[in-house]
Enquirer: 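Pasting a structure here, questions to come.
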Amino acid sequence: MASFRFHQWLTCEIETEDGTIGIGNAALAPTLVKQAIDEWFAPLVVGEDPFDYAYLWEKMYRRSHAWGRKGVGMTAISAVDIAIWDLMGKLVDKPVFKLLGGRTKEKIPVYYSKLYAGSVESMQAEAEEAMQHGYTGFKTRFGFGPKDGMAGMRENLKRVEALREVIGYDKDLMLECYMGWNLDYAKRMLPKLAKYEPRWLEEPVIADDVAGYAELNAMGIVPISGGEHEYSVIGCAELINRRAVSVLQYDTNRVGGITAAQKINAIAEAAQIPVIPHAGQMHNYHLTMANINCPMSEYFPVFDVEVGNELFYYIFEGDPEAQDGFLQLDDDKPGLGITISDKHLSNFEITE
Ligand SMILES: O=C(O)C(=O)C[C@@H](O)CO
Ligand SMILES: [Mg+2]
């Protein structure tokens, strides 16, 4: 996998005759997704009733099925569907989570998600700093994989051990591979990682290797998580039914929007597989709030733009900041509760 960067974002607006505007978004391949929406999906939904959202989802899904079931097509459907749900919330003056299942948590527990691979000292310092903010879960990224051989394995293990030295063993430590390993390497690493009691090992293999996921998860050494690069209800149902993951992590702005995510939540709950959506962003927080089977949220701390996960904070206003390891949603903010910010517009090259 090349280096990980998200430095573009798509926003999608749907306006009703009375001037109410619903806002959707997508982070994957924004320029391609924009073209798909402008040329293919917008004409399918303009003039329709947003409250017919299940029909509209199926219409977009079936009219693009030949090319859009995964990747750019489903990401475009996700952005449009999120805008529809934001719109519906605004039209009935309710937050989206109140349309899904309501408040299942007094506040949402979050895990700190950054700790990109760097020097042992820098990662320990970052973890120390994060600890001061009350987080009880921490996700780190591996920096070494199959091409780095045994020496790379040692470097990976050294950093996991160093983080455990800082956070101890009473807090969750999640390990992120971002599809950078393969089945052979992951099978060799799992027994070496076990003693550090990871909460999960994330995306150890490429998204298409569902058999590999299932084999690693069946080893029962470390819970395997994934799903942020899976698309549609049926795509996620396969991960669930094949027990390919112990934690499902779809991203609502990829998997098919809120309409698809809520159906997936029901299937995951029936299988008793927890759902912890990828990305600390509003479209995911509402699903976590509304579902008992979503125990916590990922949280990208607010930082200067580096990798791009944090870009959301510079595009939108309204995303809650974590306090002492929790975040809160507002019962009185209709829709998703975010607006497009004009604070940083000059830093962006806008394509309408
Ligand atoms: O946050 C995650 O789970 C991601 O996969 C995105 C990126 O941070 C790479 O780790
Ligand atoms: Mg991930």
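Below, each value reflects all heavy atoms present in this structure, side chains not excepted, and no hydrogens, waters or symmetry copies. Every value quoted in this text rests on a predicted model; they were computed, and no experiment measured them. Start at 1 and go down the list; that is how both ligands and their atoms are numbered.
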Enquirer: Do Lys139 and ligand 1 have an N or O pair less than 3.5 Å apart?
Expert: yes

Enquirer: Parallel, tilted or perpendicular, judged at 30° and 60°: which one describes the rings of Phe300 and His278?
Expert: perpendicular

Enquirer: At under 4.0 Å between heavy atoms, is it the side chain or the backbone of Tyr116 that contacts ligand 1, or both, or neither?
Expert: side chain

Enquirer: For the Mg ion (ligand 2), find the closest N/O/S atom belonging to Glu202 and write down its atom name.
Expert: OE2

Enquirer: Atom CD of Glu203 and atom CD of Glu230: how far apart are they, to the nearest 0.5 Å?
Expert: 10.0 Å

Enquirer: Looking at ligand 1, does Gln249 have a heavy atom less than 4.0 Å from it?
Expert: no

Enquirer: Regarding Glu126 and Tyr112, is there a side-chain donor-to-acceptor distance under 3.5 Å anywhere?
Expert: yes

Enquirer: Is it true that a side-chain atom of Arg242 and a backbone atom of Tyr213 form a donor plus acceptor pair closer than 3.5 Å?
Expert: no

Enquirer: Check the pair Tyr250, Asn265 against side chain to side chain donor-acceptor pair (under 3.5 Å), reporting the backbone distance first and the verdict last.
Expert: CA-CA 10 Å; Tyr250 62 67; Asn265 284 334; 2.8 Å; yes

Enquirer: Do any nitrogen or oxygen atoms of Glu228 lie less than 3.5 angstrom from nitrogen or oxygen atoms of ligand 1?
Expert: yes

Enquirer: Number the atoms of ligand 1 from 1 as they appear, then name those within less than 4.0 Å of a heavy atom of His278, with their elements.
Expert: 1 (O), 2 (C), 3 (O), 4 (C), 5 (O), 6 (C)

Enquirer: Can Phe300 be said to touch ligand 1, with heavy atoms closer than 4.0 Å?
Expert: yes

Enquirer: Under 4.0 Å from ligand 1, counting heavy atoms only, is it the side chain of Glu203, its backbone, both or neither?
Expert: neither

Enquirer: Assess Glu203: does it contribute an N, O or S atom lying under 2.8 Å from the Mg ion (ligand 2)?
Expert: no

Enquirer: Do you know which N/O/S atom name in Glu228 is closest to the Mg ion (ligand 2)?
Expert: OE1

Enquirer: Assigning hydrophobic clusters by single linkage (Ile, Leu, Val, Met, Phe, Trp, Tyr; side-chain heavy-atom cutoff under 4.5 Å), is Ile276 placed with Val245?
Expert: no

Enquirer: Restricting to N, O or S, what is the name of the atom of Glu176 that lies nearest the Mg ion (ligand 2)?
Expert: OE1

Enquirer: For Lys187, is there an ion pair with Glu215 - N to carboxylate O distance below 4.0 angstrom?
Expert: yes

Enquirer: Is any side-chain N of the basic residue among Glu155 and Lys158 closer than 4.0 Å to the acidic one's carboxylate O?
Expert: yes

